[in-house]
Amino acid sequence: MTAKLIDGVALSRTMRAEVAARAAALRERGKPPALAVVLVGDDPASQVYVRNKIKACEECGVHSIFERYDASLSEAELLARIAAFNADASVHGILIQLPLPRHIDPQKVIAAIATAKDVDGFSVHSAGCLVAGLPGLRPATPYGCMKLLQSTGIDARGKHAVVIGRSNTVGKPMALLLLQANATVTVCHSATPDLAVHTRQADIVIAAVGRRNMLRADMVKPGAVVIDVGMNRNEDGKLCGDVDFEAVRQVAGWITPVPGGVGPMTITMLLVNTLEAAERASV
Ligand code: GUN
């Protein structure tokens, strides 16, 4: 069997067109959707991420407010900017790019963002809503993985999903989203003694570890859906995921490529969250 590809570029394009249409509808009602993006310091990777987020906003007709500060910005100054964005009804989403300089406590910063504007879905309140099955903004990467899974037409209900990784931004919310979709969920991590025992039973595998070739063909059940969240570099500097793609695609039923799978969906879901926040604010 050769797995069908789950095309994150194509799905992103479709979903961004929907975002653009929703943004246009809000603009017509005099309520243009807006995302505030704050970058503190000069981390090179963060600069690229932020640039891509702002570009995506522009392409979809979402207004972006970009504020960039020197790494010497104090925590109090950053909290004051967040308070101003919270109070500004024309701003619907607030994104503070991480990591922050060491003298700023990221938990304090994330907690300061109004829940209704927490488009990263990283706050304890947003996480609690997900745990409790309440409406709320969901972290973009696992939310994007759910959309990729749904795009296959495979219903997660009753399926065994194995999530590899337990980060607050991907693994844990991923498990909760799959649970909400009625999957039976196993979460594996670095202290799981025999990963393959679990992955071989999985109808759905989400690999979110950050280690190349971590999921091999002999660890995958024939026909399984494999979603690769990994973003690693091989020895030639080429982008690759956590999955041994060429081998696993011979066994799996569906697979996301890297690049072109989960990656494009992350910014797309940030835009979707911004639109959801803007629409909720405008009713
Ligand atoms: N740094 C790396 N990824 C992210 C993200 O999704 N959101 C924020 N705020 N910072 C990040």
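Every number for a ligand or one of its atoms is a count from 1 in the order of the listing. We number each residue from 1, following the sequence as shown.
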**Prompt:** Once you round to the nearest 0.5 Å, how far does CE of M269 lie from CZ of R16?
**Reply:** 11.0 Å

**Item:** Between CG on residue L270 and OG1 on residue T141, distance to nearest 0.5 Å
**Value:** 10.0 Å

**Request:** Below 4.0 angstrom from a heavy atom of I96, which ligand 1 atoms are there? Numbered from 1 as shown, please.
**Result:** 8 (C), 9 (N)

**Item:** Residue among I6, I227, L5 satisfying side chain to side chain contact (heavy atoms under 4.5 Å, CB included) with I255
**Value:** L5

**Request:** Check the surroundings of atom NE2 in H198: do more than 12 heavy atoms from other residues, nucleotides or ligands lie under 6.0 Å from it?
**Result:** yes

In terms of residue, atom name and distance, what is the protein heavy atom nearest to [atom]?
atom                   : result
atom 8 (C) of ligand 1 : D120 OD2, 3.4 Å
atom 2 (C) of ligand 1 : Q97 NE2, 3.7 Å
atom 1 (N) of ligand 1 : L98 O, 2.8 Å

**Prompt:** Under a heavy-atom criterion of less than 4.0 Å, does M269 contact ligand 1?
**Reply:** no

**Message:** Taking distance alone, with N or O pairs closer than 3.5 Å, would you say L95 contacts ligand 1?
**Reply:** no

**Message:** Given 3.5 Å as the limit, does a donor-acceptor pair link the side chain of S151 with the main chain of L148, or not?
**Reply:** yes

